[in-house]
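Reviewing the structure listed below.
Since the model is a prediction, treat every value here as computed from it, not as a measurement. Side chains are part of it too, since the values below use all heavy atoms of this structure and drop only hydrogens, waters and symmetry mates.
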Amino acid sequence: MNKTQPVLKCPVCSQPLDNTDFGLACAAPHTFDRAKQGYVNLLMSNHKRSRSPGDDKEMVTARTRFLDLQRYQPLIEAIIHCADKFWPDVQSWVDLGCGEGWYTQRLNEHLDSARAFGLDISKHAVMAACKRSKQVDWYVASSARAPFMNQSIDAALILFAQLEPQELIRILKPGGSLIIAGAGSDHLLPLRELLYEQVNFNHFDPSTQLTPQFELAYDKEIKFEWIPENDQELYDLLAMTPHNWRVKPEKKEAITELAGKLMVGHFRVQVWELASNAG
């Protein structure tokens with residue numbers, strides 16, 4: 001299978017972007033330099049909600065340390081299973097909200113005949129992702145304004161990220177496919193029971209966000225346990241979750257009680273397919 005490249009879109013004028021010696025450029029010409037780390041920044045300043053949007057350097061470092069422990073191996077295995085089943089002929093796919101690239105790298109190694117793209121609004125995350133793989137095209141960009149021409153991507157991976165149904169319909173080819181994963185009701189339950197007096201048992205449900213053009217093709221819950229070995233692992237785990245901003249400092253310090261005790265991972269993995277007449 002040839003590695004065909006989807007047509008990238010200029011974030012300024014929406015014309016196609018072509019490769020140049022220094023990065024990317026459109027016919028206008030608007031130019032975008034490739035950073036020394038290997039990524040291209042396609043996130044315009046007028047599309048930012050803050051000076052440095054997304055995960056900060058400390059969060060990215062914590063997530064990198066934690067994911068490198070392979071605690072979430074069952075989740076990436078479930079994602080790879082979905083790709084084997086539903087993406088056999090995929091030539092191009094994008095990880096929307098790729099973070100520091102652990103899942104992107106692992107899936108790309110499995111789908112080595114497909115062209116992989118990783119997008120995240122955090123420059124710190126994308127810089128870290130560049131260290132993981134030189135075989136993925138990394139971009140600082142927003143999933144709400146994905147830098148692809150209409151109907152130019154075969155498939156998308158969305159993990160713990162906001163769904164943008166209309167943008168997905170725009171960039172996906174008719175019949176395109178989504179692999180989506182989010183937290184189940186028992187995810188990190190021991191941690192949440194320690195942090196909160198009352199635990200919320202809501203679970204991730206993409207059907208509340210996706211439009212009728214998408215049809216559910218696969219739905220499975222993944223549940224597993226592991227034992228955090230030390231305080232650093234627990235601090236890193238907390239730092240990569242929304243709970244890190246919601247709880248008081250004294251509650252954060254208390255999580256060291258969970259070292260050496262069972263922790264629960266609980267995820268819901270789904271595949272959604274876009275109707276062939278969508279768009």
Side-chain angles (χ1 to χ4, degrees), residues 5-17 23-24 26 28 30 32 35 39-56 59-60 63 92-101 103-104 107 115-130 136-174 176-183 204-214 240-242 245 270-275 278-279:
Q5 179 172 347
V7 179
L8 289 161
K9 184 181 75 167
C10 176
V12 180
C13 66
S14 296
Q15 294 188 71
L17 286 171
L24 299 169
C26 71
H30 299 114
F32 305 90
Y39 70 90
V40 178
N41 190 340
L42 296 176
L43 183 62
M44 298 295 93
S45 58
N46 60 316
H47 294 157
K48 296 180 180 180
R49 295 183 178 180
S50 65
R51 184 175 180 179
S52 182
D55 294 346
D56 61 26
M59 288 183 62
V60 171
R63 182 178 290 110
S92 61
W93 64 278
V94 58
D95 186 349
L96 296 170
C98 64
E100 49 71 66
Y103 299 97
T104 328
L107 186 54
R115 191 66 178 269
F117 297 81
L119 270 61
D120 203 281
I121 61 171
S122 167
K123 184 171 71 173
H124 299 292
V126 175
M127 289 174 65
C130 287
V136 177
D137 288 351
W138 304 106
Y139 298 96
V140 178
S142 169
S143 299
R145 294 182 176 88
F148 300 107
M149 299 299 288
N150 295 354
Q151 299 183 353
S152 62
I153 290 284
D154 291 321
L157 176 67
I158 307 175
L159 307 179
F160 326 113
Q162 177 70 30
L163 298 178
E164 303 287 349
Q166 294 306 318
E167 188 68 347
L168 290 168
I169 291 171
R170 186 187 69 77
I171 68 172
L172 286 175
K173 296 176 183 178
S177 179
L178 307 175
I179 297 177
I180 307 176
F204 179 64
D205 185 3
S207 67
T208 63
Q209 301 178 51
L210 291 175
T211 56
Q213 289 94 327
F214 293 93
M240 56 186 272
T241 72
W245 297 290
Q270 296 184 334
V271 177
W272 292 78
E273 295 179 338
L274 180 63

Heavy-atom check, side chain of [X] versus side chain of [Y], under 4.5 Å:
X      : Y     : value
Cys26  : Cys13 : yes
Met149 : Leu8  : no
Thr104 : Trp93 : yes
Phe32  : Asn41 : no
Val136 : Asp95 : no

Would you please test Leu168 and Ile158 for side-chain contact (heavy atoms from CB on, under 4.5 Å) and show each step?
CA-CA 11 Å; Leu168 290 168; Ile158 307 175; 3.9 Å; yes
Distance in Å, [X] [atom1] paired with [Y] [atom2], rounded so as to fall on 0.5 Å steps:
X      : Y      : atom1 : atom2 : result
Arg145 : Ile171 : CZ    : CD1   : 14.0 Å
Leu107 : Leu159 : CG    : CG    : 9.0 Å
Phe214 : Glu273 : CZ    : CD    : 11.0 Å
Gln209 : Gln162 : CD    : CD    : 5.0 Å
Lys173 : Gln151 : NZ    : CD    : 10.0 Å
Gln270 : Ile179 : CD    : CD1   : 12.0 Å

Nearest heavy-atom neighbours spanning [X] and [Y]:
X      : Y      : value
Lys9   : Leu17  : O-CD1, 3.4 Å
Ser142 : Ile121 : CA-CG2, 3.6 Å
Asp120 : Cys98  : OD2-N, 3.4 Å
Asp137 : Arg115 : OD2-NH2, 2.8 Å
Val271 : Ser177 : CG1-OG, 3.5 Å
Ile153 : Ser92  : CA-OG, 3.7 Å

Partner set under salt bridge (charged side-chain N to carboxylate O under 4.0 Å, His left out) for Glu167, not counting sequence neighbours:
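Partners of Glu167 under the salt bridge (charged side-chain N to carboxylate O under 4.0 Å, His left out) test: Arg170.
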Is it true that the side chains of Ser122 and Asp55 contain a donor and an acceptor less than 3.5 Å apart?
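There is no such pair between these side chains.
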Let's go through Leu119 and Trp138 carefully: what are the C-alpha distance in whole Å and the side-chain angles of both, what is the deciding distance for side-chain contact (heavy atoms from CB on, under 4.5 Å) to 0.1 Å, and is it a yes or a no?
CA-CA 6 Å; Leu119 270 61; Trp138 304 106; over 6 Å; no
Using the side-chain contact (heavy atoms from CB on, under 4.5 Å) rule, take Leu157 and Leu96 through it: C-alpha gap first, then chi angles, then the decisive distance, then the call.
CA-CA 6 Å; Leu157 176 67; Leu96 296 170; over 6 Å; no
I would like to know whether Phe117 and Phe148 meet ring pair (Phe, Tyr, Trp, His ring centres under 6.0 Å); could you show each step before the answer?
CA-CA 10 Å; Phe117 297 81; Phe148 300 107; 5.2 Å; yes
CA sep, side-chain torsions, deciding dist, call: Leu274, Ile169, side-chain contact (heavy atoms from CB on, under 4.5 Å):
CA-CA 7 Å; Leu274 180 63; Ile169 291 171; 3.9 Å; yes
